[in-house]
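A quick write-up on the structure given underneath.
The shown structure was predicted, so the numbers you read here are calculated from the model rather than taken from an experiment. The chains referred to below are lettered A, B, ... by the order of the sequence lines, with proteins before strands, and numbering in each begins at 1.
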There are 4 protein chains.
Amino acid sequence: MARASTRARVHAAVLSLAAESGFGGLTMEGIAARAGAGKQTLYRTWSSPAAVLLDALLEQSLDAAGEVAVPDTGDLRADLETLVRGMIAELADPATDRLLRAVTAELQTDPAIGAEVLDRLLGPQLRAIADRLARAAVACPEDGAELLLGPVFHRWLLRTRPFTEDWPSAHVARVLRAVSSGG
Amino acid sequence: MARASTRARVHAAVLSLAAESGFGGLTMEGIAARAGAGKQTLYRTWSSPAAVLLDALLEQSLDAAGEVAVPDTGDLRADLETLVRGMIAELADPATDRLLRAVTAELQTDPAIGAEVLDRLLGPQLRAIADRLARAAVACPEDGAELLLGPVFHRWLLRTRPFTEDWPSAHVARVLRAVSSGG
Amino acid sequence: MARASTRARVHAAVLSLAAESGFGGLTMEGIAARAGAGKQTLYRTWSSPAAVLLDALLEQSLDAAGEVAVPDTGDLRADLETLVRGMIAELADPATDRLLRAVTAELQTDPAIGAEVLDRLLGPQLRAIADRLARAAVACPEDGAELLLGPVFHRWLLRTRPFTEDWPSAHVARVLRAVSSGG
Amino acid sequence: MARASTRARVHAAVLSLAAESGFGGLTMEGIAARAGAGKQTLYRTWSSPAAVLLDALLEQSLDAAGEVAVPDTGDLRADLETLVRGMIAELADPATDRLLRAVTAELQTDPAIGAEVLDRLLGPQLRAIADRLARAAVACPEDGAELLLGPVFHRWLLRTRPFTEDWPSAHVARVLRAVSSGG
DNA sequence: TGTTAAGCGAGACGGTACGTCAAGTCTTTAC
DNA sequence: GTAAAGACTTGACGTACCGTCTCGCTTAACA
């Protein structure tokens, strides 16, 4: 397995390269050169630039962002709205936008990446939201979480239309109605 | 502009190549060779393999599949469930799966592709669903359509969990509750 | 086939590199870089650094040295001795020595190189000597030529012992006796 | 210096590898792996795969094959013809052919290899033939041995033309004439 | 109808990156 | 405390495509 110092240099290299030239510019060759590492060293551990980047991101932000922070003030409606508005704001940041789009694209092709993203990013996020819903006595918290996030991703990923200022509150209202008692 | 016969040969070539080796295996060089065309001829008209493929697909299926068929039996709940089950079945087909994933991935990178897909595939689909909802006197049909499709795409694209047999009906029930009177 | 200007640049590159760093330092990559050519351009025409070098050498010296000059003063013994002394002198030159050794080594491995060398260097040389012998009414000129050159190469290639000043005349005498009347 | 058991394992490894994949396939890495030794252990004692192989060969066959057996029935002509035919037969064996070509090629590059080969293979061979000639009262036995072997090697190494059935006897006749009384 | 420019096939070209291999050096582990 | 195991940097390998660029050869439209 790779030595710790090697991993660190590679992580630094991939992050700096991604920051400079975007995800599309990442190549194994370039990462190796920037890291002062041999290509074989990279291939020994990672299978593609996306895998390197993902690993770097996860290592970097594991504890901090790994714990997807779902607010819990007791007011479910307000909490979900805060969450949705936060996500939209994050997606509006060009850096995050480019990065998440790249990961999503890669994820379509490489199932291994997909599994890792699910394990360490999406899964926790969905679970955290589901937990918040469960704490509010919602009947089907997993489906509720999906109902909350699905349209956000759909609109963002497929660029169907921009987010408007008042959409989040209306969206949360619909989601809450969807999972309310009658369900 | 390319001659009609050239276009036709290129379209045939890209479709057969995509069918054989998947989207990832498409290259301008390969398409040109299969089509018996020069590379320059391709570059004169299209900028990437994705553009060629998309053009071929749209030309092939524009009128037929372009008209997204949303059933309208009068029973909204049943119609939407039929629609959702149909989509899920389509996504389960390996060929469709690969193709749509590839287009989605490409769409993250190339805004021109994105615009074309939105114009000619997603837009009509969303509008057709919204129309169906509007005909059932739903208040916010666009948001309803998004609420219906978003979770399906979310689960499929991000591979969070498989679709189960009874999920569609529960999902449709939630969506209908979401857009009911209060919305 | 390669364009003339490309060939010329590649030939110049390989000759200058060989002069600077010796044959062992030749790589396809290095030649391509020096020539300002793509690697594929090299591989399209030549299969190895040795092939490039050989081609350059042959093109360079084709007419001049291609015509292996066997002296013909009428005095066969003197002519052959001149020839042998000339060869020994040439082999004593470090540049020629290194180059011919390299070609000989490569020739063991790559049959295509061998065929080319035979066609354009060794064949003509042997034939020229055989012709000279034939003109002197020697019965088996090809075998005579081999008898003349074989021991020279043997001693030089295998470094069995150095050439001495009086060896050529004794050697030629033996060869002439070998192919005389009885042969 | 390497331990005896290590040397033995390395020798076995290099011989088996050479037998399987030919000389060209030998690498320090492969030998080390096959021998169950570290690469460093190899480099400590040998400088190249050729050195390892040569060492193994010489250790294996020193006394046995080192004594080049030149027949001595009293009939010099017949003995030399037997010898030549034997050499040609040996060179016709693909395994011997490959091995000797490889050693010859290596010998052009690495003078140390050359010296060792001369000392322990070629030298004894030439000396044995010279001795046989001397025993037949030939005046210049070393030159005679060279005259006998030179053309064989020349034709084989440079692949000028194949050996024919009746060439050995004619060749021996010429060599004997060359070194006869007149010389 | 005969000319002439365009579109075209073919593919060489300078490049970049690929993923692999082996070289030779180094560190770590374990006997 | 020596050597195995093997990670490391380096650099060449040969291949695949990239996008650009000549080359003739069609071929359709205009003179």
Q) Does C:T6 place a side-chain N or O at less than 4.0 Å from the phosphate oxygens OP1/OP2 of E:dA12? A)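 Checking E:dA12 against C:T6, no side-chain N or O comes under 4.0 Å of OP1 or OP2.
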Q. Does a nitrogen or oxygen in the side chain of A:T41 sit under 4.0 Å from OP1 or OP2 of F:dA7?
A.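 For F:dA7, neither OP1 nor OP2 has a side-chain N or O of A:T41 closer than 4.0 Å.
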[atom1] of [X] versus [atom2] of [N]: gap in Å, rounded?
{"X": "A:R7", "N": "F:dC8", "atom1": "CZ", "atom2": "P", "answer": "10 Å"}
{"X": "A:I31", "N": "F:dT10", "atom1": "CD1", "atom2": "P", "answer": "17 Å"}
{"X": "A:R34", "N": "F:dT9", "atom1": "CZ", "atom2": "C1'", "answer": "18 Å"}
{"X": "C:R3", "N": "F:dC23", "atom1": "CZ", "atom2": "C1'", "answer": "8 Å"}

Going by heavy atoms in the side chains, are [X] and [Y] under 4.5 Å from each other?
{"X": "C:V103", "Y": "C:L121", "value": "no"}
{"X": "B:L118", "Y": "A:L158", "value": "no"}
{"X": "C:D55", "Y": "C:R7", "value": "yes"}
{"X": "D:T6", "Y": "D:T45", "value": "no"}
{"X": "A:R98", "Y": "B:Q108", "value": "no"}
{"X": "C:W46", "Y": "C:I31", "value": "no"}
{"X": "D:E106", "Y": "D:F23", "value": "yes"}

Q.
Quick check against the 3.5 Å criterion: does A:T41 have a side-chain atom that pairs as donor or acceptor with the backbone of A:A37?
A.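 The answer is no, because no donor-acceptor pair under 3.5 Å joins these two groups.
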Q. Do you see a donor-acceptor pair shorter than 3.5 Å between the side chains of C:R34 and C:S16?
A.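 Their side chains do contain a donor-acceptor pair, which is all the 3.5 Å distance test asks for.
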Q) Closest nucleotide of DNA chain E for B:R9 versus for C:R9: which of these residues is on the 5' side? A)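 The residue whose closest nucleotide sits nearer the 5' end is B:R9.
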Q: Rounding to 10 degrees, work out the angle separating the end axes of the helix from E:dT1-F:dA31 to E:dC31-F:dG1 (five pairs an end).
A: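 For the helix from E:dT1-F:dA31 to E:dC31-F:dG1, the axes at opposite ends meet at about 10°.
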Q | Under 4.0 Å protein heavy-atom contact, by nucleotide of nucleotides 12-18 of chain F - B base, S sugar-phosphate only | A | BBBBBBB
Q: Could you tell me whether A:A37 contacts a base, only the sugar-phosphate backbone, or nothing, with contacts defined as non-hydrogen atoms closer than 4.0 Å?
A: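 A:A37: backbone/sugar contact only, no base atoms under 4.0 Å.
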